> 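Okay, here's the structure, questions in a sec.
Values in this document were obtained by computation on a predicted structure and should not be read as measured data.
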Amino acid sequence: QVHLSESGGGSVETGGFLKLSCEVSGIPFSWGCMGWFRQAPGKEREGLGYISTGSGYTFIADSVKGRFTVSQDNKKNVMYLQMNRMKPEDGAMYYCAADPVGGECERLSHWKYWGQGIQVTVSS
């Protein structure tokens, strides 16, 4: 009944930009924490950015801070990941996730719901 669906992925040139969307259904959007993650082949999953949907508080990981931005649209029940000045190492499968906890979402160790993921490719 709970569904998270990523969209907006694809291929982009180095230095380009891409915006991902995560649509949430089956749970209230202002439920708790939402986050963006990515995993490249042969590497562990990496947390990118998080948002507390009730308060609007956001956190961006140091590895992508200054290039990536997380935002939300409560009317559309959607979370966004804006990616700018993309690099080849940004190529990965990107996932969105949700969990009912609130507060500082970057400290959350477990995420209850996950999307199926969407591929992002960055050409050199």
> Sequence neighbours left out, what pairs pass disulfide (SG to SG under 2.5 Å) with at least one residue falling in residues 35-71?
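Passing the test, one end in residues 35-71: no pairs.
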> I'd like to check the side chain to side chain contact (heavy atoms under 4.5 Å, CB included) partners of Ser25; sequence neighbours left out, ordered by chain and number.
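Listed in chain order: His3.
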> Return the OG to CD1 distance between Ser21 and Ile118, rounded to the nearest 0.5 Å.
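Atom-to-atom, Ser21:OG and Ile118:CD1 are 9.0 Å apart.
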> At their closest point, which heavy atom of Leu48 faces which heavy atom of Phe37, and how far apart are they?
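Distance-wise, the nearest heavy atoms are CD1-C, 4.0 Å.
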> Would you mind reporting whether Phe59 and Glu104 have side-chain heavy atoms less than 4.5 Å apart?
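In short, these two side chains do not touch, never coming nearer than 4.5 Å.
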> Can you tell me how far apart OH (Tyr80) and CD (Glu23) are? Round to the nearest 0.5 Å.
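Answer for the OH-CD pair, Tyr80 versus Glu23, is 9.0 Å.
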> For residues 80-124, which residue pairs pass the disulfide (SG to SG under 2.5 Å) check, not counting sequence neighbours?
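Only Cys22-Cys96, Cys33-Cys105 qualify under disulfide (SG to SG under 2.5 Å).
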> Please name all residues satisfying side chain to side chain contact (heavy atoms under 4.5 Å, CB included) with Gln72, sequence neighbours left out, ordered by chain then number.
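Here the qualifying residues are Phe29, Ile51, Thr53, Asn74.
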> Kindly check if the number of other-residue, nucleotide or ligand heavy atoms within 6.0 Å of CD (Gln116) is above 12?
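No - once you tally the heavy atoms of other residues, nucleotides and ligands closer than 6.0 Å, there are 12 at most.
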> Checking Gln119 side chain against Ala92 main chain: does a donor-acceptor pair fall under 3.5 Å?
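Looks like yes, one N/O pair under 3.5 Å.
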> Is any side-chain heavy atom of Tyr50 closer than 4.5 Å to a side-chain heavy atom of Trp111?
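Yes, close enough: below the 4.5 Å cut-off.
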> Identify the two heavy atoms, one from Ala40 and one from Gly91, that lie closest to each other, and give their separation to 0.1 Å.
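Scanning both residues, the minimum pair turns out to be CB-O, 3.8 Å.
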> To the nearest 0.5 Å, how far apart are CD in Gln39 and CD in Glu46?
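Spacing of CD (Gln39) from CD (Glu46) equals 10.5 Å.
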> So among Val2, Val24, Asp99, which one has a side-chain contact (heavy atoms from CB on, under 4.5 Å) with Tyr113?
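Among Val2, Val24, Asp99, the one that satisfies the side-chain contact (heavy atoms from CB on, under 4.5 Å) with Tyr113 is Val2.
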> Residues in side chain to side chain contact (heavy atoms under 4.5 Å, CB included) with Met86, at least two apart?
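Checked Met86 against side chain to side chain contact (heavy atoms under 4.5 Å, CB included); matches are Val12, Leu18, Met83, Asp90, Val120, Val122.
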> Would a distance-only check, ignoring hydrogens and angles, find a side-chain to backbone donor-acceptor pair under 3.5 Å from Arg85 to Arg67?
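Side chain of Arg85 to backbone of Arg67: no pair is present.
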> Which heavy atom of Asp73 sits nearest to which heavy atom of Lys75, and what is that distance?
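For Asp73 and Lys75, the tightest heavy-atom pair comes out as OD1-N, 3.1 Å.
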> Determine whether Trp36 and Glu6 make a side-chain contact, defined as any pair of heavy atoms from C-beta on separated by less than 4.5 Å.
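When only atoms from C-beta onward are counted, Glu6 and Trp36 do touch, with a gap below 4.5 Å.
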> Any non-hydrogen side-chain atom of Ile27 less than 4.5 Å from a side-chain atom of Lys112?
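Of all side-chain heavy-atom pairs linking Lys112 with Ile27, none is under 4.5 Å.
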> Counting C-beta onward and ignoring hydrogens, is there a side-chain heavy-atom pair between Glu106 and Tyr57 closer than 4.5 Å?
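Yes, their side chains come closer than 4.5 Å.
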> Taking disulfide (SG to SG under 2.5 Å) as the cut-off, I'd like each qualifying pair that reaches into residues 49-90, sequence neighbours left out, listed once.
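For residues 49-90, and leaving out neighbouring residues, there are no disulfide (SG to SG under 2.5 Å) pairs at all.
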> If you round to the nearest 0.5 Å, how far is CG of Leu81 from CE of Met34?
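Between Met34 CE and Leu81 CG, I get 11.5 Å after rounding to 0.5 Å.
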> Once you round to the nearest 0.5 Å, how far does CD of Glu89 lie from NZ of Lys43?
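Taking CD in Glu89 and NZ in Lys43, the distance rounds to 7.5 Å.
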> Are Trp114 and Val101 connected in a single hydrophobic cluster, I mean Ile/Leu/Val/Met/Phe/Trp/Tyr linked by side-chain heavy atoms less than 4.5 Å apart?
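Same cluster: Val101 reaches Trp114 through Ile, Leu, Val, Met, Phe, Trp or Tyr contacts under 4.5 Å.
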